[in-house]
Amino acid sequence: MKQKKRWRWLAPVGLTVVAVLVAAGFALFGGDPPLPVQDSIANVGGSYWLLTDKGTDARPKPYRIATFTPLRGFSHNEQVGNPVTPTEPLYQMEPDQPESPLYAYVLRGTNRKTDALSRAGHDNIRSLYTDVGALQTRAFAGREGYYFFASGMEAFPAGEAAFLQDLFVYLPASRDSSVMIDISLRLENASQMLPEADLLRLADEIAMTLTFD
């Protein structure tokens, strides 16, 4: 009987030791533990956190890789999310003024290295847009990344058509992950396209709102 009592007393001590060892393991080998997940949505703990999911669909492990501050004059459309990987939230920032030529800019984190991600994105966009520029490298707010331009006419489910102009930017982040920026315009025709230099300057402004972990 005394033996049983001793082991009951030791049980919480053992659990405490295990917890300390797990915490030490994260500190030594993996940094912070992943963020908690509920109903496939990561608890970001802040309004504008960019995440990477280093786990699987069955066992997600989202980590924060960056935060951002919205550009003045833009608001988050909370109706638009990331249905494919909800543990890597997508933020569609739309202009407050309806007369703005810019449709939106989009930010998200993703669990892929920047070089491979940018090549895959470039290949995918080539099948969707009629005119896709070359994949290039450039520093955005001091961080070397990849980018390319794309444009073309597209019909939408409601029946309306628009001429699209986009700038896609891929920036490296921690944990072998990336931050993606998409600057998107919906125009009446190609004559309304903005100069590429203007879009690159806007990408610089957006990149400056990012704080990488």
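Just so it is clear, the structure is predicted and the values come from calculations on it, not from any experiment.
For Phe68, the ring-ring contact (aromatic ring centres under 6.0 Å, His included) partners are Tyr48, Tyr91, not counting sequence neighbours. For Lys54, the side chain to side chain donor-acceptor pair (under 3.5 Å) partners at least two apart in sequence or on another chain are Asn111. Evaluation of the side-chain contact (heavy atoms from CB on, under 4.5 Å) rule for Ala120 yields Arg112 as partners, not counting sequence neighbours. Every residue two or more places apart in sequence or in another chain that forms a side chain to side chain donor-acceptor pair (under 3.5 Å) with Gln92 is listed here: Glu94. Evaluation of the side-chain contact (heavy atoms from CB on, under 4.5 Å) rule for Thr137 yields Glu144, Tyr146 as partners, not counting sequence neighbours. Ser178 pairs by the side-chain contact (heavy atoms from CB on, under 4.5 Å) definition with Thr110, Thr114, Leu117, not counting sequence neighbours. Scanning for side-chain contact (heavy atoms from CB on, under 4.5 Å) contacts around Ala173 gives Ile65, Val179, Phe212, with sequence neighbours left out.
Note that CZ of Phe148 is 7.0 Å distant from CG of Leu135, once rounded to the nearest 0.5 Å. Between the CG atom in Leu51 and the NZ atom in Lys61 there is a gap of 15.5 Å [rounded to 0.5 Å].
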Listed pairs under 3.5 Å, donor-acceptor, residues 95-102 side chains, sequence neighbours left out:
from, atom 1, to, atom 2, distance (Å)
Asp96, OD1, Ser75, OG, 2.7
Ser100, OG, Leu102, N, 3.2

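Within the structure, every pair that satisfies the side-chain hydrogen bond (donor to acceptor under 3.5 Å, both in side chains) test and touches residues 190-213, not counting sequence neighbours, is listed here: Arg64-Asp213, Arg138-Asp204, Asn189-Ser191, Asp198-Arg201. Applying the salt bridge (charged side-chain N to carboxylate O under 4.0 Å, His left out) test to every pair with at least one member in residues 65-75, sequence neighbours left out, gives no pairs at all. Residue pairs satisfying the side-chain hydrogen bond (donor to acceptor under 3.5 Å, both in side chains) criterion with at least one member in residues 118-133, sequence neighbours excluded, are listed as follows: Tyr129-Asp166. Judged as a ring pair (Phe, Tyr, Trp, His ring centres under 6.0 Å), the pairs with a partner in residues 92-118 (not counting sequence neighbours) are, in order, Phe74-Tyr105.
Inter-residue side-chain proximity for Val106 and Met93 is flagged as unmet; no heavy-atom pair is nearer than 4.5 Å. For the pair Leu185/Leu164, no side-chain contact is recorded, criterion being any heavy-atom separation below 4.5 Å from C-beta on.
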